[in-house]
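Here is the structure we will look at, set down as C-alpha cells.
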Amino acid sequence: MTAEYQVHGAVAVITLNNPPVNGMGLETRTAAVLGLQRAAADDAVKAIIITGAGKAFSGGADIKEFNTPKALAEPSLHTFIATAEGSSKPVVAAIHTVCMGGGLELSLGCHYRVALPGAQIALPEVKLGLLPGAGGTQRLPRVLGLEPALNMIVSGNPVPSEKLPALFDEIFAADADLLQSAIAFAEKIAAVRPLPKVRDRKVDYPNHEAFLQFSRNTVKAMAGPFPAPLECVETVAASVTMKFDDGMKFERERFLHLIQTTESKALRHAFFAERVASKVPDVPADTPVRAIKSAAIIGAGTMGGGIAMNFLNAGIPVTLLEQKQEALDKGIATIRKNYENTLKKGKLTQEKLDQRMGLLSSTLSYEEIGQADIVVEAVFEELGVKEAVFRKLDDVMKPGAILATNTSTLDVDKIAAFTRRPQDVIGTHFFSPANVMKLLEIVRGKETAKDVLATALALSKKLKKTGVVSGVCDGFIGNRMIEQYSRQAGFLLEEGALPEQVDKAAEKFGFAMGPFRMGDLAGNDIGWAIRKRRYVEKPEISYSKTADLLCEMGRYGQKTGAGWYDYKAGDRKAYANDEVNAMIVQHSADLGITRRKISDEEIVERLVYALVNEGALILEEGIALRASDIDMVYLTGYGFPLYRGGPMFYADTVGLPNVLAAINKYAQGHQGKAWKPAPLLQQLAAEGKTFNS
Ligand code: 3HC
Ligand code: NAI
C-alpha cells in the first residue's frame with residue numbers, strides 16, 4: 001500500500017507512504033481515495049487526517065508519471081482532492097517537512113490545515129516549466145491573497161510554514177508530536193458545520209487589473225524563453241476574474257498545454273538528470289564514504305583559489321600550498337577580495353567572511369598538509385609538474401587520504417601511476433570560476449577505488465556542485481566535446497562567417513555566450529597551447545588556423561583587451577575589429593576558398609551537432625554513463641540553454657534521423673572529413689530510438 005489507513009478513536013488517519021517524498025502516483029492516489037471512502041463509510045469516524053510518512057507530507061504529483069497514461073488515470077489528483085473537499089466529515093491536512101506542488105494543492109482542498117514549523121511550503125511547478133495544475137492557482141490566492149500567492153506561484157520558491165499564518169489553522173510547537181496534536185485538533189473541530197472550503201472564499205483585491213498588468217510586464221521581462229511564468233500569472237488572474245469552477249477549467253487547460261511543451265520536458269529532464277548523475281551502477285548507494293573534514297590545495301592560482309573557496313564555504317578547513325610566498329599571498333588576497341565583493345553586494349555577512357577566512361591557512365611545506373583528508377592539485381597543466389607534485393604527495397599524505405587532480409586534459413591514470421596508491425587518486429575537474437560554476441566532472445581512473453568515487457560524489461553535494469562522473473580520455477566529457485564545436489566554429493570562419501555572426505547565431509539559439517566571445521573570456525592562448533600539443537600528437541586532425549593567427553597577433557582575449565573582439569576598460573561589451581575580420585577573410589583567400597553567405601541555421605546545426613556526435617562517441621565508449629550526464633555537463637558547465645535540455649536531449653527533440661541527415665550533408669562540404677557520424681547515432685536513428693530513452 002502506498003497510503004496507510006488507521007483509526008485513532010473517532011479520527012481516521014490516512015498516511016501517504018510513497019518514499020522518498022510521497023509523490024502522488026496512481027497507486028498512492030488510489031490508496032488514499034480508498035481511505036477516504038472507508039472513513040466515510042465508518043460511522044465511528046468523525047474526522048479524517050491526511051498526513052505523510054517519512055521525509056515529507058508530499059513533494060507533489062509524481063513527476064515520473066508525467067506524459068504517461070498513469071498521470072491522468074483515475075483517481076486523478078483532481079479526483080483525490082475533490083473527494084477530500086467533498087467529504088461530509090472534516091478533513092485535516094497535517095503537514096511537516098515538505099509540502100509542495102500537488103501536496104500543497106491537496107492540503108488546500110482539505111477543510112483544515114495544521115503544520116509543524118519549518119515545513120517547506122511551495123508551488124514549485126514553474127521550475128518544471130508548469131503551473132500548479134490541481135487547483136493551486138485558484139485556491140492559494142483565496143487563502144493568502146492575490147499578491148503573496150502570485151509571488152509564490154511565479155517564483156516557485158519555498159516559504160517556511162511559520163511565515164504563512166494565513167494558510168494554517170494551527171501551527172504547533174516545533175517539538176510537538178504532529179500526529180497527536182493533529183488528532184487533538186481534529187477532535188476539537190469534528191462537529192463544526194458547515195465545513196469550511198477554500199473554494200467558497202473570494203479573492204479581494206481592489207484594482208486587481210492594474211496589479212495584474214504590472215505583474216504581466218515584470219514576469220514577461222524575466223521569463224526569457226520559458227512560457228510557464230506568464231501562464232502562471234494568467235491562471236492566477238482567473239482566480240479573481242472567473243468563478244471558481246471556470247478558473248479550475250482554465251487552469252487545467254493551461255496545465256495540459258504546458259506539460260506538452262519542450263521547455264517543460266527539458267526542465268523535467270534536467271531535474272532527473274541532476275539526481276541520476278550521482279548514481280553509478282557498480283557503486284551502490286550504501287558504499288561507505290571517507291570522512292572529509294579537512295582539505296589541502298596545491299597551487300593558489302586561478303583554480304586553486306576558487307576550489308579553496310568551495311571548501312571554505314562548506315565549512316571545511318583548507319591549507320593552501322605554493323612554492324613561493326608571493327604566490328600564496330596573491331592567492332589568499334584574491335580569495336579575500338572575492339569574499340569582500342560578495343559582502344559589498346550584501347550576499348555575505350562580515351561574520352561569515354571572517355569565519356571562512358578563519359578556516360584558511362597556508363604553507364610552503366608539504367609536511368604540513370600530510371594529515372588532510374583530501375588534497376586537490378591545481379598546479380600548471382604540465383605532466384612533469386604534476387608528476388613532481390604527486391610523487392611528493394605520495395610520500396607525505398596519510399594513508400587513506402584522497403589525492404585529487406584538477407587537470408583539464410591530462411591522463412588521470414598516468415598521474416595515478418606516479419603514486420603507490422592509484423586507488424586513492426581521482427580527477428576532480430572544477431570549472432572556472434570554480435567558486436561559481438556548478439559543474440564538477442569527477443574523473444574515475446581505472447584504479448580509482450569505489451569508496452573514493454562515492455566520497456567524491458558525496459563531496460560534490462556538500463560543495464553544492466553537480467557532480468558528473470567521466471571516464472579517462474583527452475578532455476573528459478566537456479572539453480572533448482567542445483573541441484569539436486570549436487573546430488566547426490573555426491571552419492565556419494574559413495568558409496564565410498565572421499565571429500560576430502557565429503556568436504549571435506549561437507546566442508540566439510540560447511548559449512550564454514558564442515564560441516568566440518567564450519574564447520576571449522577563457523583566453524585564446526590556453527586553446528593555442530593545447531592545440532600545439534594535441535595537433536602535434538594527432539596531425540591527422542584538421543582545424544582552422546585562424547585562432548592561431550589571432551594569437552600570433554597577440555590577441556589573447558579579454559585579459560589583453562583584445563581577442564576576436566576589442567574590449568574597453570570597464571565595459572564587458574565586445575566590439576568587432578576590422579583587422580581581425582580582414583585576417584579571417586585573407587585566410588580564406590590563402591586557402592583558395594570563395595567565401596559564401598552562411599545561414600544562422602547552418603551555424604547552429606554545425607556547432608550543436610558537433611557536440612552531439614562527439615557525445616554519442618563518448619557514450620558508446622562508456623566515458624559517460626548515460627546521455628543525461630552529458631546534458632548535465634553542458635547545462636551546468638558550458639552555458640547550454642536550459643530550455644533545450646542539453647545537447648543530447650536537444651538532438652532527441654530534433655529527431656536523430658534528422659541530426660544524422662544533417663551530419664551526412666555537412667560531411668560532403670568544406671572539411672567534411674571532420675564529420676564521421678558516430679555508430680551509436682546511426683544505430684539509434686535507424687531503430688527510431690533516442691539517446692535518453
Ligand atoms: N515526483 C517524483 N519523484 C520526486 C518528486 C516528485 N514530485 N520530488 C522528488 N522526487 C524524487 C527525486 O527524483 C529523488 O529521487 P531519487 O532518490 O531516486 O534520486 C528523491 O525524490 C529525492 O529528491 P531530492 O534529491 O531532490 O531530495 P531533497 O530532499 O533534496 O529535496 C524536494 C526534496 C524538496 C521534494 C525536491 O525533490 C523537490 O523540489 N522536488 C520537486 C517538487 C516539485 O516540483 N513538485 C511539484 C510536482 S508537479 C505537481 O505537483 C503538479 C501538480 O500541480 C498537478
Ligand atoms: P594558474 O597558472 O592560474 O595557477 C597555477 C598555480 O600553481 C600557480 O599559482 C603556481 O605558482 C602554482 N604551482 C605551479 N607549480 C607548483 C608546484 N610544483 N607546487 C605548488 N604550486 C605550484 O593555473 P590554473 O588556471 O589555476 O590551472 C591549474 C590547473 O587547473 C591546471 O591543471 C589547469 O589545466 C586546470 N584547470 C584550469 C581551468 C581554467 O579555466 N583556468 C579550468 C579547469 C581546470
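Predicted model, so just to flag it, every value in this text is computed and none were measured. In what follows, every heavy atom counts, from backbone to side chain, and hydrogens, waters and symmetry copies are set aside. Order of listing sets the numbers, starting from 1, for every ligand and every atom in it.
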Next item on the list: Report yes or no: does Glu125 contribute a side-chain atom to a donor-acceptor pair with the main-chain N or O of Gly133 at less than 3.5 Å?
Entry: no
Notebook entry, point to check: Counting distance only, does the side-chain N/O of Ser264 pair as donor-acceptor with the main-chain N or O of Leu128 below 3.5 Å?
Noted result: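 Checked: pair present.
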Run the numbers for me: atoms of ligand 1, each under 4.0 Å from some heavy atom of [X], listed by number.
X: Phe272; answer: 13 (O)
X: Phe66; answer: 48 (S), 51 (C)
X: Pro132; answer: 53 (O)
X: Gly60; answer: 50 (O)

Who's the nearest protein heavy-atom neighbour of [atom], and how far?
atom: atom 25 (O) of ligand 1; result: Arg275 NE, 3.6 Å
atom: atom 29 (O) of ligand 1; result: Lys55 NZ, 4.2 Å
atom: atom 39 (O) of ligand 1; result: Met100 SD, 4.0 Å
atom: atom 9 (C) of ligand 1; result: Val21 CG2, 3.5 Å
atom: atom 2 (C) of ligand 1; result: Asp62 OD1, 3.2 Å
atom: atom 20 (C) of ligand 1; result: Pro20 CG, 3.3 Å
atom: atom 40 (N) of ligand 1; result: Phe271 CZ, 3.5 Å
atom: atom 1 (N) of ligand 1; result: Ile63 N, 3.0 Å

Using a 4.0 Å cut-off to any heavy atom of [X], which atoms of ligand 2 qualify?
X: Lys386; value: 31 (C), 32 (O)
X: Thr407; value: 32 (O)
X: Ser408; value: 33 (C), 34 (O), 35 (C), 36 (N), 44 (C)
X: Gly299; value: 7 (O), 12 (C), 21 (N)

Would you say the side chain of [Y] lies within less than 4.5 Å of the side chain of [X], judging by non-hydrogen atoms?
X: Lys265; Y: Gln260; value: yes
X: Leu167; Y: Arg113; value: yes
X: Asn692; Y: Asp631; value: yes
X: Phe390; Y: Thr405; value: yes
X: Ile623; Y: Phe476; value: no

Margin query: Ring-plane angle category for His269 and Phe649, please: parallel below 30°, perpendicular beyond 60°, tilted otherwise.
Written below: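 Parallel, since the angle between the ring planes stays under 30°.
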Note to self: Angle between ring planes, Tyr634 versus Tyr638, binned at 30° and 60°: parallel, tilted or perpendicular?
What the structure shows: parallel
Going by distance alone, is a donor N or O of one side chain under 3.5 Å from an acceptor N or O of the other, for [X] and [Y]?
X: Thr363; Y: Thr319; value: no
X: Thr137; Y: Glu251; value: yes
X: Thr409; Y: Glu381; value: yes

Note to self: So that I can tick it off, tell me whether Asp520 and Lys559 are bridged by a salt bridge, with the cut-off set at under 4.0 angstrom between side-chain N and carboxylate O.
What the structure shows: no
Just distances here: any N/O of [X] and N/O of ligand 1 closer than 3.5 Å?
X: Lys279; answer: yes
X: Gly102; answer: yes
X: Glu105; answer: yes
X: Val98; answer: no
X: Leu128; answer: no

Next item on the list: To the nearest 0.5 Å, tell me how far Phe244 CZ sits from Arg199 CZ.
Entry: 5.0 Å
Which of these, [options], has its nearest heavy atom closest to [atom]?
atom: atom 45 (N) of ligand 1; options: Gly59, Gly101, Ala285, Pro19; answer: Gly59
atom: atom 3 (N) of ligand 1; options: Lys461, Arg268, Lys64, Met24; answer: Lys64
atom: atom 22 (C) of ligand 2; options: Leu320, Val379, Val376; answer: Val379
atom: atom 1 (P) of ligand 2; options: Leu410, Thr302, Asn479; answer: Thr302
atom: atom 14 (C) of ligand 2; options: Phe380, Tyr366, Phe430; answer: Phe380

Notebook entry, point to check: Which bit of Ala61 gets closer than 4.0 Å to ligand 1, counting heavy atoms only: side chain, backbone, both or neither?
Noted result: both
Note to self: Under 6.0 Å from the ring centre and within 45 degrees of the ring axis: does the NZ or CZ of Arg275 meet both conditions for the six-membered ring of Phe271?
What the structure shows: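 Yes, Arg275 sits over the ring of Phe271.
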Close approach of [X] to ligand 2, heavy atoms, under 4.0 angstrom:
X: Ala388; result: no
X: Lys330; result: no
X: Lys324; result: no

Notebook entry, point to check: Do the two ring centres, one from His429 and one from Phe431, sit under 6.0 Å apart?
Noted result: yes
Next item on the list: For residues Ile630 and Ala624, report the shortest heavy-atom separation together with the two atoms involved.
Entry: CG1-CB, 3.7 Å
Next item on the list: Select one of side chain, backbone, both or neither to describe which atoms of Thr405 lie under 4.0 Å from any atom of ligand 2, heavy atoms only.
Entry: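 Answer for Thr405: neither.
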Check: For ligand 2, does Ile526 get within less than 4.0 Å through its side chain, its backbone, both, or neither, judged by non-hydrogen atoms?
Finding: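 Looking at Ile526 and ligand 2, no heavy atom falls under 4.0 Å.
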